[in-house]
Undergrad: 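Please see the structure below; I have some questions.
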Amino acid sequence: MDCTNIIKKLISQYGMLYSEQLDIKVKDRTEVEIFKWFLASVLFGKKISENIAIKTYQEFERRGVLTPEKILEAGWDRLVEVLDAGGYVRYDFSTATKLLDISKDLLSRYGESPLTKIHLIAKDKMELESILRSFKGIGPVTTNIFLRELRTVWKKADPDPLFVVSKVAKRYKVDLNKFNRKTEEFIKLEAALIRIRKEYKD
């Protein structure tokens, strides 16, 4: 099978965007939808199964805790309850604390529509990533998860593919450097390579 057909097959079978899987409409470009994806990215960012991260996000959705204000209003005990209900037990205490700290910092530092404002004030993609990583508990992986599905939404969202993505791509003889990263095709290919990464762990 040639490379073009391999790419089409990967995207067809595994390329659904995680934001779409969670019914988060990032293409609307609204702060509400962008923050939902940010929350989901924080949950995906821990070393925990994707199914648990998805189920936990759905618990936040079911209880209407989907904005920085609602997270602060919920408080630590209720956040732990939501995380536990989703099966996020291993990291429930630390994640509840992280979400409170981040929500407080977002609102105090950037006010209304903080994530949209961060993108607006960042000079370029590097500064955008740097600002996001300045929040306590937001590292390179969470930043990558958040920004990679915003490539066609935010002009300055263009993170380098994670090492594991490049590694799996090489297994399929897919040269990621030949792609325009600011396209839906590339985002879906990234999602596909992330989903099948466990098959290629050494």
Side-chain angles (χ1 to χ4, degrees), residues 17-22 24-50 52-54 56-57 60 66-68 71 83 88 91 94-111 113-169 176-177 179-184 186-195 197:
L17 302 185
Y18 287 94
S19 55
E20 290 178 350
Q21 187 176 353
L22 294 172
I24 299 173
K25 299 174 176 62
V26 295
K27 291 179 184 177
D28 288 356
R29 300 172 185 263
T30 64
E31 178 73 17
V32 170
E33 296 299 315
I34 297 293
F35 185 82
K36 287 179 184 178
W37 177 236
F38 180 73
L39 171 61
S41 299
V42 171
L43 297 174
F44 279 121
K46 283 289 189 183
K47 291 182 179 179
I48 202 159
S49 79
E50 290 176 1
I52 289 177
I54 289 167
T56 303
Y57 172 80
F60 276 88
L66 294 171
T67 66
I71 287 172
L83 291 159
Y88 214 88
Y91 300 108
S94 61
T95 302
T97 300
K98 182 198 299 188
L99 289 172
L100 288 170
D101 289 343
I102 292 170
S103 296
K104 182 179 177 181
D105 285 350
L106 278 170
L107 294 173
S108 63
R109 288 163 60 179
Y110 298 99
S113 300
L115 293 171
T116 303
K117 191 171 292 183
I118 287 170
H119 178 253
L120 182 66
I121 67 174
K123 293 195 296 286
D124 51 32
K125 73 182 223 83
M126 298 302 295
E127 185 172 20
L128 175 61
E129 293 174 25
S130 178
I131 293 172
L132 290 170
R133 291 197 303 269
S134 72
F135 290 95
K136 186 177 180 182
I138 301 296
V141 172
T142 300
T143 299
N144 180 282
I145 293 169
F146 176 58
L147 291 179
R148 69 183 181 227
E149 295 202 8
L150 296 181
R151 291 182 192 278
T152 60
V153 177
W154 279 359
K155 181 180 179 180
K156 301 159 198 167
D158 187 22
D160 292 333
L162 292 173
F163 173 76
V164 68
V165 170
S166 300
K167 180 179 178 181
V168 178
L176 297 180
N177 293 321
F179 287 82
N180 176 358
R181 299 199 314 210
K182 302 286 282 182
T183 62
E184 189 87 359
F186 186 80
I187 302 170
K188 289 184 175 182
L189 178 59
E190 260 185 319
L193 295 171
I194 285 288
R195 283 195 173 92
R197 70 192 183 280

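In this chain, residues are counted from 1 in sequence order. Values below: all heavy atoms of this structure, side chains included; hydrogens, waters and symmetry mates excluded. Since the structure is predicted, the reported quantities are computational estimates derived from the model, not experimental observations.
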Undergrad: Can you tell me if T142 uses its side chain to pair, donor with acceptor, with the backbone of I138 under 3.5 Å?
TA: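 Checking the backbone N and O of I138 against the side chain of T142, no donor-acceptor pair under 3.5 Å is found.
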Undergrad: Are any side-chain N or O atoms of E31 and backbone N or O atoms of L115, one a donor and one an acceptor, separated by less than 3.5 Å?
TA: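 Checked: pair present.
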Undergrad: If you round to the nearest 0.5 Å, how far is CD1 of I48 from CD1 of I54?
TA: 12.0 Å
Undergrad: Verify whether one side chain among E129 and T143 offers a donor that lies under 3.5 Å from an acceptor in the other.
TA: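 Short answer, no.
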Undergrad: Aromatic rings F146 and W154: how do their planes relate, parallel, tilted or perpendicular, breaks at 30° and 60°?
TA: perpendicular
Undergrad: The criterion is ring-ring contact (aromatic ring centres under 6.0 Å, His included); which residues satisfy it with Y88, sequence neighbours excluded?
TA: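 Not a single residue meets the ring-ring contact (aromatic ring centres under 6.0 Å, His included) criterion with Y88.
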Undergrad: Search all heavy atoms of A96 against all heavy atoms of L83 and return the closest pair with its distance.
TA: N-CD1, 3.7 Å
Undergrad: Is a side-chain N or O of S134 found less than 3.5 angstrom from the main chain of I131, in a donor-acceptor match?
TA: yes
Undergrad: With no hydrogens and no angle check, is any side-chain donor or acceptor of S130 less than 3.5 Å from a backbone partner on M126?
TA: no
Undergrad: Would you say L132 and L147 make side-chain contact, with heavy atoms under 4.5 Å?
TA: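 Touching, per the 4.5 Å side-chain cut-off.
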Undergrad: Honestly, is R148 close enough over F186, meaning NZ or CZ under 6.0 Å from the six-membered ring centre and within 45° of the axis?
TA: no
Undergrad: Flag the pair R181 and D158 as a salt bridge only when some basic side-chain nitrogen lies within less than 4.0 angstrom of an acidic carboxylate oxygen.
TA: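 The answer is yes: the pair qualifies as a salt bridge.
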Undergrad: Could you walk me through whether T30 and F35 pass side chain to side chain contact (heavy atoms under 4.5 Å, CB included), step by step?
TA: CA-CA 9 Å; T30 64; F35 185 82; over 6 Å; no
Undergrad: Going through the checks in order, is the side chain to side chain contact (heavy atoms under 4.5 Å, CB included) test met by Y18 and E50?
TA: CA-CA 10 Å; Y18 287 94; E50 290 176 1; 2.9 Å; yes
Undergrad: Is a side-chain N or O of R151 found less than 3.5 angstrom from the main chain of P159, in a donor-acceptor match?
TA: yes
Undergrad: Is K46 reaching over with its side chain to a backbone N or O of A53, donor-acceptor style, under 3.5 angstrom?
TA: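 Checking the backbone N and O of A53 against the side chain of K46, no donor-acceptor pair under 3.5 Å is found.
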Undergrad: So which atom in A169 and which in L193 form the shortest heavy-atom distance, rounded to 0.1 Å?
TA: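 Closest approach of A169 to L193: CB-CD1, 3.9 Å.
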Undergrad: Please evaluate residues Y57 and K36 with respect to the criterion side chain to side chain contact (heavy atoms under 4.5 Å, CB included), reporting the C-alpha separation (whole Å), side-chain torsions for both, the decisive distance (0.1 Å), and the verdict.
TA: CA-CA 9 Å; Y57 172 80; K36 287 179 184 178; 3.4 Å; yes
Undergrad: Return the CG to CG distance between D105 and L100, rounded to the nearest 0.5 Å.
TA: 11.0 Å
Undergrad: Taking K123's backbone N and O only, do any of them form a donor-acceptor pair with K156's side chain (distance below 3.5 Å, no angle check)?
TA: no
Undergrad: Drop me the distance from H119's NE2 to K155's NZ, to the nearest 0.5 angstrom.
TA: 8.5 Å
Undergrad: Answer yes or no: does atom NZ of K182 have more than 12 heavy-atom neighbours from other residues, nucleotides or ligands under 6.0 Å?
TA: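 Atom NZ in K182 is packed in, count exceeds 12.
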Undergrad: Taking ring-ring contact (aromatic ring centres under 6.0 Å, His included) as the definition, give me every residue that meets it alongside F135, ordered by chain and number, with sequence neighbours left out.
TA: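 Checked F135 against ring-ring contact (aromatic ring centres under 6.0 Å, His included); zero matches.
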Undergrad: Taking the side chain as every heavy atom from C-beta outward, state whether K25 and V32 have any pair of such atoms under 4.5 Å apart.
TA: no
Undergrad: Distance-only, no hydrogens or angles: does the E149 side chain make a donor-acceptor pair with backbone N or O of S19 under 3.5 Å?
TA: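 Present.
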Undergrad: Rounded to the nearest 0.5 Å, what separation is found between the CG atom of L99 and the CZ atom of F38?
TA: 8.5 Å
Undergrad: Do K188 and L17 come close enough that some side-chain heavy atom pair is under 4.5 Å?
TA: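 Answer yes - side chains close enough.
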Undergrad: Restricting to non-hydrogen atoms, name the atom on S166 and the atom on P161 that form the minimum distance, rounded to 0.1 Å.
TA: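 Scanning both residues completely, I find the closest heavy atoms to be OG-CB, 4.1 Å.
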Undergrad: Let me confirm one number: the NZ-CZ distance from K117 to R109, rounded to the nearest 0.5 Å.
TA: 12.5 Å
Undergrad: Just verifying a value: how many Å separate I102 CD1 and T97 OG1, rounded to the nearest 0.5 Å?
TA: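 Result: 11.0 Å between the selected atoms.
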Undergrad: With side chains defined as the heavy atoms from C-beta onward, is the minimum distance between I145 and I194 less than 4.5 Å?
TA: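 With C-beta onward as the side chain, the pair stays apart.
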Undergrad: Before you tell me yes or no, could you show the steps for L176 and E190 under side chain to side chain contact (heavy atoms under 4.5 Å, CB included), namely the whole-Å CA-CA distance, both residues' side-chain angles and the distance that decides it to 0.1 Å?
TA: CA-CA 9 Å; L176 297 180; E190 260 185 319; over 6 Å; no
